[in-house]
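Only one structure is covered here, and it is reproduced in the block below.
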Amino acid sequence: MHSPTATTLVLTDRPEDLARAGAMLAGGELVAFPTETVYGLGADATDPQAIAQLYAAKGRPRFNPLIAHVASLDQALALGEFPTEARVLAEAFWPGPLTLVVPARAGGPVCELARAGLDSVAIRVPDHPVAQAILQAAGRPVAAPSANRSGHVSASDARHVEEDLAGRIAAIVDGGATPIGVESTIVGCLGGVVTLLRPGGVPREAIEAKLGRPLETASADPGRPLAPGRLSSHYAPQHGVRLNATALRPGEAYLGFGSAEPGGAEPVARLNLSRSGDLAEAASRLYGCLRVLDSVPSTGIAVAPLPGTGLGEAIQDRLSRAAAPRETASSDASDTLAKS
Ligand code: TXA
Ligand code: MG
């Protein structure tokens, strides 16, 4: 484990740095790198020691499994059993912002700790050239949760990763801002049922069009979560978040969408996700805007109404998690408690 005072190397996206990042991962070290969704904190998915370090660096509970990232569908087939639907979705959306949860291949390389002991495995083939180069250099599946402290807002920029993880990990590869800005869509393909476990960068509508039928919805029962990490107070800034705000209360900061002006009090600070009402622009700006508004003293962050379709479903999901009451120590929000 890197001591809290250890320095974190900042690497560029030049080929020699990407080769070095891959070699560091293969050597069991923790390296953050950009994907097209958000920055991931990578560790060798086949090495339980590296995975244990990863959970510790993030402050993430070990019952929350990780996504294994590989460079191609061929490599993915070595990790899991792909039912027909999974194969169809992989061919349609990989490389890209889609994660598939499928039965883990017996004797497959992703270690049990990375799967949190489940007999399924979450797999993604990212499309970002930096991620692709690093995965190829590492030559093994790389587990990569979002590169933030557990319970915090995800990182869509190398600076966000530094804020959360500098001194706790070996290196950060700076590949600029991540183009999509929200995490991958997670679809479970288990037991003949295809379930939307987390809305994300691939809109539900695109997946349903490919499948020719609607996706099942994940269980809302917190005792039996289908995606163990989908705890309601995830993605949480320090300040309270209030959704669908059309009139501001005194002392609030304002996160707008579109050109409508809120009524009520003057905000202490204001940002807009997309003045033109473009959901892709809004997704790419979401976590950066939340981080900035969270750094301003306020009584809370009021968020304008947004559509819930297309990429709006993922944005709404993250915002409602940011707005949820904080959970207790049994959840991924243990950090949130620690800092409050
Ligand atoms: O865009 C993304 O998906 C980013 C980038 C870095 O790839 N990664 C990411 O990882 O968001 P993370 O760890 O923050 O979220 C992964 C989610 C967690 O909620 C976890 O519970 C769920 O995937 N998950 C992992 N394995 C699973 C499994 N076998 N069954 C159900 N859910 C699983
Ligand atoms: Mg995360």
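Counting convention: from 1, in listed order, for ligands and their atoms alike.
Against a heavy-atom cut-off of under 4.0 Å, Ser120 is close to the following atoms of ligand 1: 28 (C), 29 (N), 30 (N). Taking a cut-off of under 4.0 Å to the non-hydrogen atoms of Ala122, the atoms of ligand 1 that pass are 25 (C), 26 (N), 27 (C). Within ligand 1, counting atoms from 1 as listed, the ones closer than 4.0 Å to a heavy atom of Ile67 are 3 (O), 8 (N), 9 (C), 10 (O), 16 (C). Applying the 4.0 Å criterion to heavy atoms of Gly40 picks out, from ligand 1, the atoms 6 (C). Counting the atoms of ligand 1 from 1 in the order shown, those under 4.0 Å from a heavy atom of Thr37 are 1 (O), 2 (C), 5 (C). Within ligand 1, the atoms closer than 4.0 Å to a non-hydrogen atom of Ala144 are 6 (C), 8 (N), 10 (O), numbered from 1 in the order shown.
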Only distances under 3.5 Å count here; give the side-chain donor-acceptor pairs of residues 260-269 to other protein atoms, sequence neighbours excluded, each with its distance to 0.1 Å.
unit_1, atom_1, unit_2, atom_2, d
Glu261, OE1, Arg270, NH2, 3.0

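Residue contacts with ligand 1, taken as heavy atom pairs separated by less than 4.0 Å, involve Arg60 solely via side-chain atoms from C-beta onward.
By the 3.5 Å distance cut-off applied to N or O atoms, Asn64 is counted among the residues near ligand 1. Annotation: Lys58 places no N or O atom under 3.5 Å from an N or O atom of ligand 1; distance criterion only. Residue-to-ligand polar distances place Ser184 within reach of ligand 1: an N/O pair is separated by less than 3.5 Å. Where the criterion is an N or O separation shorter than 3.5 Å, residue side chain and backbone included, His69 meets it with respect to ligand 1.
At least one N, O or S atom of Ser146, from either the backbone or the side chain, sits less than 2.8 Å from the Mg ion (ligand 2).
Between the side chains of Glu216 and Thr195, no donor-acceptor pair is found at a separation under 3.5 Å. Residues Arg198 and Ser184 have side chains that bring a donor and an acceptor to within less than 3.5 angstrom of each other. No hydrogens or angles considered: nothing links the side chains of Glu36 and Thr178 as a donor-acceptor pair under 3.5 Å. In this structure, a donor-acceptor pair under 3.5 Å is absent between the side chains of Ser276 and Asp278. Judged by distance alone, the side chains of Asn148 and Ser146 do bring a donor and an acceptor atom under 3.5 Å apart. In this structure, a donor-acceptor pair under 3.5 Å is absent between the side chains of Ser156 and Arg285.
Between Arg20 and Glu16 there is no salt bridge, since none of the side-chain N atoms of the basic residue sits less than 4.0 Å from a carboxylate O of the acidic one.
With Ala116, Ser146, Gly42 as candidates, the residue nearest to atom 14 (O) of ligand 1 on a non-hydrogen basis is Ser146.
Glu162 has its side chain within reach of Ile172: a pair of non-hydrogen atoms, C-beta onward, lies under 4.5 Å apart.
Using a non-hydrogen distance threshold of 4.0 Å, Arg115 does not register as a contact of ligand 1.
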